[in-house]
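Notes for the one structure printed next.
Residues: numbered from 1 along the sequence shown.
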Amino acid sequence: MAQIQTGEGRFYIAGEGKDLAEITYRLEENSGDLVIDHTFVSEDLRGQGAGEQLVRAVVDKAREEQLKIVPECSYAAHQFKKHAEYSDVLSGNALRG
């Protein structure tokens with residue numbers, strides 16, 4: 001699989017001049033949480049774990065920067081339910097949403 005790259009407010013996997021997969025997030029100023037608001041995986045990469053790798057990249061960023069995450073997009077929310085080991089970075093604000 002291609003390497004994950006980072007950009008302003010996103011991690012992505014690029015190939016042949018286009019993004020093959022992407023996850024976007026923003027820093028919520030009021031709470032200081034990272035909000036994952038979008039995940040996309042192209043047909044070229046579906047079923048290869050690209051989406052999970054992108055969610056993990058945001059989780060790693062949150063751990064490094066001591067931030068919490070609100071998984072707003074449905075795919076990220078599903079990954080947080082599937083991976084109990086991400087609970088350390090799950091924001092209490094996610095539970096109220």
Side-chain angles (χ1 to χ4, degrees):
M1 176 155 329
Q3 187 167 346
I4 294 176
Q5 300 177 51
T6 186
E8 185 66 33
R10 73 185 191 129
F11 288 101
Y12 63 99
I13 299 170
E16 299 180 23
K18 64 180 179 176
D19 290 347
L20 298 177
E22 172 186 60
I23 192 166
T24 60
Y25 58 88
R26 66 183 186 279
L27 184 63
E28 188 65 47
E29 299 213 8
N30 294 335
S31 64
D33 293 337
L34 285 180
V35 178
I36 299 175
D37 52 16
H38 172 72
T39 306
F40 163 77
V41 177
S42 69
E43 290 292 329
D44 298 340
L45 293 183
R46 289 233 171 106
Q48 298 179 41
E52 286 190 43
Q53 288 182 5
L54 291 170
V55 171
R56 192 172 317 116
V58 180
V59 167
D60 290 344
K61 175 182 178 62
R63 286 178 176 149
E64 289 170 15
E65 298 180 16
Q66 298 179 353
L67 299 170
K68 298 291 185 180
I69 295 175
V70 176
E72 196 172 85
C73 90
S74 59
Y75 181 80
H78 173 74
Q79 289 300 310
F80 270 79
K81 287 178 183 160
K82 184 176 170 184
H83 294 277
E85 68 271 21
Y86 294 169
S87 65
D88 64 311
V89 294
L90 182 63
S91 171
N93 293 324
L95 306 174
R96 290 190 277 278

- Message: Any side-chain to backbone donor/acceptor pair from Tyr25 onto Val70? Under 3.5 Å, distance only.
- Response: no

- Those residues that, when tested against His83, pass ring pair (Phe, Tyr, Trp, His ring centres under 6.0 Å) (two or more places apart): Tyr86

- At what distance, to the nearest 0.5 angstrom, does NZ of Lys81 lie from OG of Ser87? 14.5 Å

- Report the C-alpha separation of Glu85 and Arg56 in whole Å, then their side-chain angles, then the decisive distance to 0.1 Å, and conclude whether the side chain to side chain contact (heavy atoms under 4.5 Å, CB included) test is met. CA-CA 11 Å; Glu85 68 271 21; Arg56 192 172 317 116; over 6 Å; no

- Closest non-hydrogen atom pair between Phe40 and Leu54, with its separation: O-CD1, 4.4 Å

- Would you please test Tyr75 and Val55 for side chain to side chain contact (heavy atoms under 4.5 Å, CB included) and show each step? CA-CA 9 Å; Tyr75 181 80; Val55 171; 3.9 Å; yes

- Main-chain N/O of Ala77 paired to Lys82 side chain as donor or acceptor, under 3.5 Å: no

- Query: Any sub-3.5 Å donor-acceptor pair from Arg46's side-chain atoms to Val41's backbone N or O?
  - Reply: yes

- Message: Working to the nearest 0.5 angstrom, can you tell me the gap between Thr6 OG1 and Lys61 NZ?
- Response: 6.5 Å

- Indicate the atoms forming the closest heavy-atom contact of Ala21 with Leu45, along with that distance. CB-CD1, 4.1 Å

- For the atom pair CD (Gln79) and CD (Gln53), what is the distance rounded to the nearest 0.5 Å? 11.0 Å

- Could you check if a side-chain atom of Leu67 sits within less than 4.5 angstrom of a side-chain atom of Ser91, using non-hydrogen atoms only? no

- Rounded to the nearest 0.5 Å, the SG atom of Cys73 sits from the CD1 atom of Ile23 at a distance of 6.0 Å

- Query: Would Val35 and Tyr12 show up in the same hydrophobic cluster when neighbours are defined by side-chain heavy atoms closer than 4.5 Å?
  - Reply: no

- Message: Going by side chain to side chain contact (heavy atoms under 4.5 Å, CB included), Ile69 matches just one of Asn93, Asp33, Leu34, Asp88. Which one?
- Response: Leu34

- Give, for atom CG of Asp37 and atom OG1 of Thr24, the distance between the pair rounded to the nearest 0.5 Å. 3.5 Å

- Message: Check Glu28 with Arg26, please: is the shortest side-chain N to carboxylate O separation under 4.0 Å?
- Response: yes

- Task: First locate atom CG of Asp19, then atom CD of Gln5, and finally report the distance between them rounded to the nearest 0.5 Å.
- Result: 8.5 Å

